[in-house]
Amino acid sequence: MPELPEVEVTRIGISNYINSNTIKRIVAYSTNLRWPISPDIFSILPGETINSVERRGKYLLLKCQSGILLIHLGMTGQLRIVTTTCTPEKHDHLDIVFIDEVVLRLNDARRFGSVFWVDSNLEHKFIEQMGPEPLSEEFDGNYLYQKSRGRKIIVKKFLLDQQVVAGIGNIYANEALFHAGIHPSIPAGRISKVRYKNLVVAIKLVLATSIKLGGTMIDFRDGTEKNGHFPQKFSVYNRSGRPCTICGTQIQYKRVMRRSIYFCKSCQK
DNA sequence: CGAACGACCTGCAGGC
DNA sequence: TGCCTGCAGGTCGTTC
């Protein structure tokens, strides 16, 4: 499930192959992702050179001369670097073919991902409304504290709001709350500034650690199944019934508002 | 404005 | 064996 670390690891991985490379053509095997892929890209992209590969929250930004290609991987989206001789498989939707025959191929089984083309002098509304990058200095305890005043939603859901902070998903929200010792079901507006400072430290730590370890499930190179090593570091996520790494209490699992929460009832208050 | 929920989609696990 | 149900996940759009 691509969250910020997975997108970042993907960004670094594909950059080596596509940065400064020029697009030859676009091939679509299906265009109905979360939204139809902008038909513009078939005529605009050929001839464009990738000037930089950037990331904003969970979005990848392929910056070209005349605009930006935004890619969101949804839940199951994966980008792979292949060659033109590599035949497409099930759930492959889009090829960005470069002049040196390198292909950036998008695969997305559940099709929650999306691809947008935006004119360079327009900001896309989804990006525009997005909160700060969690690894930036701008994102600190004071910011979260101020942002949460008056909010009644539970803190775990608050962290998933991309307008609050960009790039956090269910896995890292659960993990960060554990490391900060905060119960996921507490209303966001009732948490002290000190606790938010601890939470921000925890968020930055879990995200940075995951990026360093290669995320949770990344595989961008042709043929080589190279999974990230972060799952081995999970403290609560997907560990229902297993002992807490700190106190040994069984990790709790609950469905709250159609989302899974994992926590230690002894360590998180 | 905030909160809650439906919808989108597919693969997989579990129950019968 | 095979069908059915529920769950997993992100997030936009709609409704209250």
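Naming: A, B, ... by sequence-line order, numbering from 1 per chain. What you see is a predicted model, and the numbers here were worked out from it, not measured in a lab. In what follows, every heavy atom counts, from backbone to side chain, and hydrogens, waters and symmetry copies are set aside.
- With sequence neighbours left out, A:Glu48 forms a salt bridge (Lys or Arg N to Asp or Glu O under 4.0 Å) with no residue at all.
- Between A:His183 and A:Phe263, the ring-plane angle classifies as tilted under the 30° and 60° cut-offs.
- Rounded to whole Å, atom C1' of C:dT11 lies 15 Å from atom CE of A:Met257.
- Phosphate proximity of B:dC9 to A:His91: absent, as no side-chain N or O sits under 4.0 Å from OP1 or OP2.
- Aromatic ring pairs are classed by plane angle as parallel below 30°, tilted from 30° to 60° and perpendicular above 60°; the pair A:Tyr262 and A:Tyr253 is tilted.
- Residue contacts shown for A:Arg34 include a base, since a base heavy atom lies under 4.0 Å away.
- Stacking annotation: A:Phe112 is not stacked on the base of C:dT11 (requires ring centroids less than 5.5 angstrom apart and an interplanar angle below 30 degrees).
- One can place CG of A:Leu160 at 14 Å from C1' of B:dA3, the figure rounded to the nearest angstrom.
- Ion pairing of A:Glu3 with A:Lys58 is absent here, as no side-chain N (NZ or NE/NH1/NH2) approaches a carboxylate O to less than 4.0 Å.
- Proximity of A:Lys90 to the phosphate of B:dG11: a side-chain N or O atom is located under 4.0 Å from OP1 or OP2.
- At whole-Å resolution of the value, CD in A:Glu3 and C1' in C:dG10 are 9 Å apart.
- Put simply, CZ on A:Phe158 is 9 Å from P on B:dA3, counting in whole angstrom units.
- At least one side-chain nitrogen or oxygen of A:Lys58 sits closer than 4.0 Å to the OP1 or OP2 atom of C:dT11.
- Residue A:His72 has its side chain nearest to C:dT11 when only C:dC7, C:dT11, C:dC12 are considered.
- Whole-Å rounding puts the A:Asn32 CG to B:dA7 P distance at 19 Å.
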Result block: side-chain N/O donor-acceptor pairs under 3.5 angstrom for residues 35-46 of chain A, not counting sequence neighbours:
{"residue": "A:Ser38", "atom": "OG", "partner": "A:Trp117", "partner atom": "N", "Å": "3.3"}
{"residue": "A:Ser43", "atom": "OG", "partner": "A:Asp40", "partner atom": "O", "Å": "3.1"}

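- Nucleic acid contact class of A:Lys157 (heavy atoms, under 4.0 Å, all strands): none.
- In this structure, CG of A:Asp161 is placed 10 Å from C1' of B:dG2, rounded to the nearest angstrom.
- Rounding to whole angstrom units, CE of residue A:Met75 and C1' of C:dC7 are separated by 10 Å.
- The side chain of A:Arg151 contributes an N or O atom lying less than 4.0 Å from OP1 or OP2 of B:dA3.
- Note: CG (A:Leu4) to P (C:dT11) measures 11 Å, nearest angstrom.
- In this model, a side-chain donor or acceptor of A:Arg259 finds a partner on the base of C:dG10 within 3.5 Å.
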